[in-house]
Colleague: 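Handing you this structure, nothing more for now.
Quick note: numbers below take in every heavy atom, side chains included, and nothing from hydrogens, waters or symmetry partners. Throughout, protein chains are lettered first and strands after them, A, B, ... in sequence-line order, and every chain is numbered starting at 1.
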Amino acid sequence: MALPVLICDDSLLARKQVRKSLPESFDADILTAANGVEALTILRSQEIGLVFLDLTMPELDGIGVLEAIKQDGLDCFVIVISADIQPEMQKRVTELGALAFIHKPVNPEKLVVILKHYGLI
Amino acid sequence: MSTVFSEEQRDCLQELINVAMGLASDKLARFLNTFVHIQVPAIELVNSAQIPAQFEAQYSSAEAALVSQGFLGNDGLRGEAIVLYQLENAHRIAALLGYDTDNASELEMLTDISSILTTTFLNGLAEQIDNSLSYSAPRVLSSRQNNMTEALIETACHWELALRVDISYQLIHHSFNCDMLLLIPGEAVLNIQQILDRIVEEY
């Protein structure tokens, strides 16, 4: 059965880059959101197995989304894909429950390693 | 800028710039040994002739400095990056970094920071478009020795276009604003559009 996946980034290019980086063997049903508010609306209304989350976004940023996921006890894996690559930021998102932190622009090989590691493919 | 770039091209350029700026912030954070909060930089393409007037109010009323550095890459990619600062916070940051607080040390610090900002940023940008750049030595002008408006006019007049990148850095205890301008030749727009189209098509 396909895994419901949400790609959340304010950049159309970045959303496409993530989608294209996913291996063909990954059976996913892909939804997209252009900011944190849109992402939470989707996350609260339907089951999402995996979220690819950008950090720097208008309306509500990725940190805000992670906090809401934690607070609401939403059951989903989160992989952060960010241009803000400072070690402090990586630490912060990991503490907030993100599975992994990937630097932009997303590297497809690295993504496959992470998906395999967590048994998602 | 909307008239020059399509919506897709603009989105693509903004994303390339965000990624490059993320690399520069990380480098700056390591240099300053603090976390650097950065907002998504606003970008705008303007005629370079407009630049002196756009910045006159902001940088002529207070003490300011300008650091400029030329860059040159493959396929005719070339330009001049300038970073504009108000000196108001500079001495505090100089002290934070352990520089002496005299004027010469302050300018030395600004040269170091500018060099991190521009070269890391531009290298990050170049890498994403499969190019690589070399740089000329940075040139520093301070309002203590120079008239900033004249310095801007003098610098901007060699180029037709400027990509304005408004950078706002916030350190934990200080906020630190500066403006980065990438001055480029007029014919570069077509080149940039082609590069952006190629990337958009790739995905």
Side-chain angles (χ1 to χ4, degrees), chain A residues 7-24 30 32-38 52-67 80-96 98 101-108 110-111, chain B residues 5-43 116 120-121 123-130 165-173 192-193 195-203:
Chain A
I7 300 174
C8 179
D9 197 303
D10 55 324
S11 162
L12 175 65
L13 178 75
R15 294 197 298 270
K16 285 189 193 163
Q17 283 175 327
V18 174
R19 191 189 278 258
K20 216 181 164 187
S21 302
L22 296 171
E24 277 185 25
I30 294 170
T32 58
N35 60 55
V37 174
E38 282 184 28
F52 292 106
L53 183 66
D54 180 28
L55 291 182
T56 319
M57 290 183 293
E59 306 286 334
L60 181 69
D61 64 14
I63 295 292
V65 174
L66 282 167
E67 283 168 350
V80 169
I81 300 182
S82 171
D84 189 340
I85 57 172
Q86 297 175 67
E88 280 273 333
M89 193 51 109
Q90 304 195 23
K91 200 173 143 227
R92 199 158 163 214
V93 302
T94 314
E95 280 166 4
L96 282 168
F101 188 97
I102 303 179
H103 296 180
K104 278 186 174 182
V106 59
N107 174 328
K110 222 172 182 174
L111 188 58
Chain B
F5 294 120
S6 70
E7 187 53 37
E8 269 196 327
Q9 287 169 340
R10 199 205 58 75
D11 171 81
C12 180
L13 181 62
Q14 179 80 55
E15 183 63 10
L16 297 179
I17 284 180
N18 291 355
V19 170
M21 195 52 73
L23 295 169
S25 313
D26 181 54
K27 197 85 178 275
L28 187 66
R30 288 164 199 266
F31 182 67
L32 298 175
N33 199 20
T34 181
F35 182 72
V36 177
H37 177 77
I38 184 179
Q39 286 165 341
V40 176
I43 53 174
I116 290 170
T120 311
F121 174 83
N123 286 343
L125 204 54
E127 196 184 322
Q128 294 179 82
I129 58 171
D130 299 320
V165 184
D166 297 334
I167 309 171
S168 173
Y169 281 113
Q170 259 174 312
L171 312 181
I172 290 175
H173 301 291
I192 294 172
Q193 286 173 330
I195 290 168
L196 296 175
D197 284 342
R198 205 183 63 216
I199 296 171
V200 167
E201 222 158 89
E202 212 177 298
Y203 290 100

Colleague: Using non-hydrogen atoms and a 4.5 Å limit, figure out which bit of A:Asp10 sits close to chain B: side chain, backbone, both or neither.
Modeller: backbone
Colleague: Which pair of non-hydrogen atoms, one from B:Leu23 and one from A:Ile85, has the smallest distance, and what is that distance?
Modeller: CD2-CD1, 3.6 Å
Colleague: Among A:Ala14, A:Ser82, A:Ser11, which residue forms the greatest number of heavy-atom pairs with chain B at distances under 4.5 Å?
Modeller: A:Ser11
Colleague: Take atom CD in B:Glu201; do more than 12 heavy atoms of anything else shown fall under 6.0 Å from it?
Modeller: no
Colleague: Give, for atom CD of B:Gln14 and atom CG of A:Leu12, the distance between the pair rounded to the nearest 0.5 Å.
Modeller: 13.0 Å
Colleague: Decide yes or no for A:Lys16 and B:Val200: does some side-chain heavy atom of the first lie under 4.5 Å from some side-chain heavy atom of the second?
Modeller: yes
Colleague: With rounding to the nearest 0.5 angstrom, report the SG to CD distance, B:Cys12 to A:Gln17.
Modeller: 7.5 Å
Colleague: How long is the span from the OH atom in B:Tyr203 to the NZ atom in A:Lys20, to the nearest 0.5 Å?
Modeller: 7.0 Å
Colleague: Determine whether a donor-acceptor pair (N or O, by modelled atom type, separation under 3.5 Å) exists between the side chain of B:Asn18 and the backbone of A:Ala83.
Modeller: no
Colleague: Which atoms of A:Met57 come close to chain B, meaning under 4.5 Å heavy atom to heavy atom: side chain ones, backbone ones, both, or neither?
Modeller: neither
Colleague: With distance as the sole test, does A:Gln86 use its side chain to make a donor-acceptor pair with the main-chain N or O of B:Phe35 at under 3.5 Å?
Modeller: no
Colleague: So, does A:Lys104 use its side chain to make a donor-acceptor pair with the main chain of B:Glu15 at under 3.5 Å?
Modeller: no
Colleague: Answer whether the closest heavy-atom distance between the side chains of B:Asp26 and A:Pro87 falls below 4.5 Å.
Modeller: yes
Colleague: Got a sec: does the CD of B:Glu127 have more than 12 other heavy atoms crowding it under 6.0 Å?
Modeller: no
Colleague: Within the side chain of A:Asp84, is there an N or O that forms a donor-acceptor pair under 3.5 Å with the backbone of B:Gly22?
Modeller: no
